[in-house]
S.K.: 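Just passing along the structure, written as C-alpha cells.
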Number of protein chains: 2
Amino acid sequence: MRSILALVNPLRALQRGKHTFVLYGALLAYAVMGVTKIIASGGGNESGGHGTAAITFLWIAVILLAAKFSSLIERFKLPAVLGELLIGIVLGNLVLAGLHVFEPIKTDAIITFLAELGVVILLFQIGLESNIQTMRKVGLKALLVAIVGVVVPFVLGTYLVGPLLLPGLSTNAYLFLGATLTATSVGITARVFKDLGRLKSSESQIVLGAAVIDDVLGLIILAVVSAVVTKGSVDAASVSIIVLKAIGFLAGAIIIGGVLAPRLGKIFSKIHTGIGMKFTLALSFGLILAYLAQVIGLAPIVGAFAAGLVLDPVHFKDFKDPDVVDEIKEAVSSAPAELKGKITRAINHHAHRHIEEILEPVGLFLVPIFFVMTGMNVKLETLFNSQILLFAITITGVAIIGKIVAGLVAGNVNKWIVGWGMVPRGEVGLIFATIGKSLGVVNDELYSMIVIMVILTTLFTPPILTYLLNRQGHKAAGAAPTPAKAAA
Amino acid sequence: MRSILALVNPLRALQRGKHTFVLYGALLAYAVMGVTKIIASGGGNESGGHGTAAITFLWIAVILLAAKFSSLIERFKLPAVLGELLIGIVLGNLVLAGLHVFEPIKTDAIITFLAELGVVILLFQIGLESNIQTMRKVGLKALLVAIVGVVVPFVLGTYLVGPLLLPGLSTNAYLFLGATLTATSVGITARVFKDLGRLKSSESQIVLGAAVIDDVLGLIILAVVSAVVTKGSVDAASVSIIVLKAIGFLAGAIIIGGVLAPRLGKIFSKIHTGIGMKFTLALSFGLILAYLAQVIGLAPIVGAFAAGLVLDPVHFKDFKDPDVVDEIKEAVSSAPAELKGKITRAINHHAHRHIEEILEPVGLFLVPIFFVMTGMNVKLETLFNSQILLFAITITGVAIIGKIVAGLVAGNVNKWIVGWGMVPRGEVGLIFATIGKSLGVVNDELYSMIVIMVILTTLFTPPILTYLLNRQGHKAAGAAPTPAKAAA
C-alpha cells in the first residue's frame, strides 16, 4: 500500500481542475478529429508505418468503452451481452444521423479478425464452463428437452415460417434461419438462474444440461448447413458424413485431448510452472483445435468448444502462481494451528488460479468486440419496413414456441420454467447469422430479423423467468458460479 | 474441488495410452499438413469464410508455444525475452534447412498487427511499473548516468562506428543505428537485480531510475529520428519542434491524465465496479494515448508508455473483484479477532487486483508475438558474411563501452555495477530496429547486426553482473517485485 500512497501526493497536486467531462470530451474530440486526419493522410504513416495499427488501436478503445458503458443495462437485471448488441446497433447506425465517423470500423480487417478470435475465445470459455460430467448427470430428460428444443424450431423455421414469410429466398437461407432458431444461449440462461440463486433447482439443472447439449447439436447443425451451402449438395450421404465428422471430431478431441492434456501439462510444467505457461498451453490448445476443426471443414468455434470441454483445472495442477504461494506461506505461518487449514483454503483458490480466471482478461478484451460488431452489422433501415419488422416478431414467436414445446417433455418439473429457460438464443444464434452473412446466404433483411429475434428472446426471458420462479416460490439453496460447479 | 475431482475418473479411464509424444506429434503434424491444404485451397473458405482467421489461429498457437518452450533459457538465469528472440531466429531461418512451412507467418498482416499491439501493451506495462515518483527519487545521479548513457552511444554509433564500418549507407541509417544503441532495457535490468535480491541497493536504484529516464530520452530520440527520416529534413528548428512535441505530449499526458484518470475511474465505477470495467478503462486509456501519439507524429509506444506512467492502482480504488471480496468476508468471519486484520491483508491484494495483474494475461498473449516475430525477421544468411559478423561484434562493443562510460559519472557507488547494469538493450532497441526496417532505412544486414547486438548485450550482462555483485558481496535486503515498489 505504501508504494501506492506514495504516488497519490504528486498527482493530488494535479487534481485541482473540476472539469473532468470537458477535458475528457476534448480528449475524445481530438481523437475523433485525428481519425479524419489519419484517413486523409492515407493511414497516417507519418511515424513508422504504424498508422494503420494506430487507428485500429482507437477503434478497439472505442468499442471496448462503448461495450462497458452499455453494461449499465445490468441495472435492469438484463445480461451485459444485450447491452453490447444494442450499443453496437447504435454505433453502426449513427450514419443514419449523418455521423459517418464510425463507418470505417465495419470494414477494418483487423477488427473483424479480433471479433472472430473473440467468438473462438467465447466458445472456448463456454466449453470450459460446461463439461462432460454435467451432460451425463442431467441425463435423459435434458437430452430429450434439447432434441425437441432443437428439432421443433429448426423444422418450423426452415420448412414453415421461412418459406411462408420470406418467399423467394434460397433453401439455404431457410436452412440458416432454422439453424439460428435452434441454439439456446447457455451463458444467458445460466446467468438468469444464477442471479436468482436457483442454479441448483432441478429445472435449472435440466435447462443447463439441455443448453450444453443444444450447443453441441447446434454446432453439428451449423457444420451440416455450412457444408450444404458451400458444397451446394443436400444428399443424405454427404449430410451424414458431416454429422459423423462433427461427432467424430468432438469425440476424438475429448478422447485424445483427455489423454494429452494432463500429460502435456506435466511435460511443460517441467519447463516452467508459472501462470504464463498455464495460460499459453490452454490458449494454444483452444486455437489449435479451432484450426483443426476448420481443416476438416467444421467451424473453428466447434474446435474451440471441444477444447474447452476437454480442458479442466485438474490438467493444470502442476502449475501455481509463485507470488500467491508465498503469501499463503506467510499468512499460514503466522496463524494458529487450527486456522492454518482455513486460511490456506481461503487463498488456495488463487494459488492454483483456474484457467477460466487466467483467460478472463483475454475474453474481456476480445469477446465484446464480437458482440458490438454483430450489432454494428444490423442495418436498421431494413427494419423501417413494417412488414419485415412484423416478420422479425413472428420469427421471435416461433423461436419462443419451439422452446416452450421442448419444456413439455421435461417430466414432472415446472415445464414453463424449463421452456422459458431455453428461450434465450444469444451467442450461438448470432454466430450462425454472422457465418450465414459471410457466406452470402443470409441477406441484410434476414440478418437484421435474426438479430432482433435474438435481442427480443434475450430481452423477454429474464423478467418472465423471474416471475415464474418467484411464483413457483420455494427457495432453492445458494447459487453456484458455473453450471459445471452447480452440477457437482 | 469436488467438481474437479468428479472429472478425473472418466478422464483417467482414457489415460491408459503411454504414447503422449507420438499422439502430440501426430496432432501437430496433422495441423502442419493442414496448413499446406488450407493455403492450397486459397484460405480454406470451406467453412464460413473463417479460413484466413483459422490459419492465423494456428500461427498464434505456434508462436506462443515456441515462446514458452524457449523459456527453458531461464534455467541458465537468462531472461525469457532472450529465449523468445532466439526461438524466433530459429523459426524464421528454418527455411535455410529447406523447411518453408513457417514462412507465411512473416507476411501475415494480422500477426504483424498483433506484434505491434504487443509492443504497445509492453510499453504500457513498463510505464505502469515505472512512475514519476521513482524518477524523482533517484534524482540527479540517475539523470546524469542516463544522459551520458544515451549521448555517448548515440554519438559513437551515428558519427563514428556507422560511417566507419558501414560506409555508403544513408545518414538516416546511421541515425537509427545510433538510436538503437541508446535505450537501456529496464525490464531486463530490473530482472537481473531482482533475481539476485539486490533491487534495493543504491546501484540498482540508480540503474533503474536511469533506465526509466533512458526510455523517455530514447522515445524522444525515436520521435526525432523517425520524423527526420520521413520528413527528410534535419534542420535544428524541426528537430526542436519534435523534441518539444514529445516532451509536451509526455507532460500533457501526465498532467491531463493525472487529472482525468481518477475522475474517470469514479464515473465509470458508478456504472460497474467489476474487474472488467477496471481492465477496459486501463487498456482503452493506453490505446487512446498510443493513437494520439501517432496523430501528433510520435510513435504509438510513446503514448502507451505515457499512459502507463500516469495510471496507478490508486486511480482504481473504486473497483474490486466481487468473488474475492466474498472470500475475504468468509475467511475473516471465521477467524479470531486478532487474526482478522492479518487475513484481510493477506487476501486484500487480490480483492483490489492491481491493474498490472489484470493486464498480465493480455501481455502473455501479445508480447511474445512481438519478440518471436522480431527474431523471425533476422536473416541469418546476412551473418554468414564474416565481415558483417565482425561489425555486429564491434557494434556490441560500442554499445557496452557507451554504458560503461555512463557508469563512471554515477558518483561514489560501484561504477562497474552501474555501468554493466545499463548494458542490456532489449525491447526499446529492438523496437527502433523494427521501425527503422518498416521505414526502409534499416536494411537486412544492419537489422541483423542490431538484433545480434541486443542479444549479445543481454546475453553477457547477467553473468557479468552476477559476478560483480557477488564480488561486491554485501547482502542487500530482500527483493521487491517492481522498480516502482522498490523505490517506495
Side-chain angles (χ1 to χ4, degrees), chain A residues 2-4 6-8 11 14-15 17 20 23 34 46-50 53-54 57-58 60-61 64-65 68 71-72 110 113 116 133 226 255 258-259 263 271-272 276-277 279-280 284 287-288 290-291 294-295 297 299-300 312-314 327 331 346 350 358 361-362 364-365 435 438 485 488, chain B residues 2-4 6-8 11 14-15 17 20 23 34 46-50 53-54 57-58 60-61 64-65 68 71-72 110 113 116 133 226 255 258-260 263 271-272 276-277 279-280 284 287-288 290-291 294-295 297 299-300 312-314 331 346 350 358 361-362 364-365 435 438 485 488:
Chain A
R2 284 194 61 265
S3 67
I4 298 170
L7 296 169
V8 188
L11 289 169
L14 306 168
Q15 298 170 10
T20 313
L23 280 168
E46 301 100 331
S47 80
H50 287 237
F57 296 158
L58 178 67
I60 294 173
L64 292 181
L65 286 173
K68 268 306 158 198
S71 64
L72 266 170
I110 287 162
F113 170 82
E116 285 181 17
Q133 204 66 353
S226 307
I255 294 166
V259 180
R263 283 170 169 62
I271 297 175
H272 203 296
M277 181 62 79
F279 169 86
T280 305
S284 309
L287 290 174
I288 290 177
Y291 168 72
Q294 155 76 36
V295 171
D312 277 299
V314 67
E327 274 183 37
H350 293 281
I358 311 173
V362 177
L364 290 170
F365 168 39
I435 293 177
S438 72
K485 284 174 193 158
Chain B
R2 283 192 63 262
S3 67
I4 299 170
L7 295 169
V8 188
L11 289 169
L14 306 168
Q15 297 170 11
T20 314
L23 280 168
E46 299 98 332
S47 81
H50 287 236
F57 295 158
L58 178 66
I60 295 173
L64 291 181
L65 286 174
K68 268 307 157 194
S71 64
L72 266 171
I110 287 164
F113 170 81
E116 285 181 17
Q133 203 65 352
S226 307
I255 294 166
V259 181
L260 281 180
R263 282 170 171 60
I271 298 177
H272 204 296
M277 181 62 79
F279 169 85
T280 305
S284 308
L287 290 174
I288 290 177
Y291 168 72
Q294 153 76 34
V295 170
D312 277 301
V314 67
H350 293 281
I358 310 172
V362 176
L364 290 171
F365 167 40
I435 294 178
S438 72
K485 285 174 193 158

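Letters A, B, ... are given to chains in the order of the sequence lines, protein chains preceding strands, and every chain is numbered from 1. Everything numeric in this text was worked out from a predicted model, so none of it was measured.
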S.K.: Do you know which two heavy atoms are closest between Q294(B) and A54(A), and how far apart they sit?
M.R.: CG-CB, 3.2 Å
S.K.: Which residues pass the side chain to side chain contact (heavy atoms under 4.5 Å, CB included) test with L64(B), not counting sequence neighbours?
M.R.: T280(A), L283(A), S284(A), I60(B), F365(B), P368(B), I369(B)
S.K.: Return the minimal non-hydrogen interatomic distance between S71(B) and M277(A), and the atom names on each side.
M.R.: OG-CE, 4.1 Å
S.K.: List the atom of P300(B), the atom of F57(A), and the distance in Å for their closest heavy-atom pair.
M.R.: CB-CE1, 4.0 Å
S.K.: Find the distance between CZ (F113(A)) and CD1 (I110(B)) and round it off to the nearest 0.5 Å.
M.R.: 5.0 Å
S.K.: Verify side chain to side chain contact (heavy atoms under 4.5 Å, CB included) between I288(B) and L65(A), making sure each step is shown before the conclusion.
M.R.: CA-CA 11 Å; I288(B) 290 177; L65(A) 286 173; 4.0 Å; yes
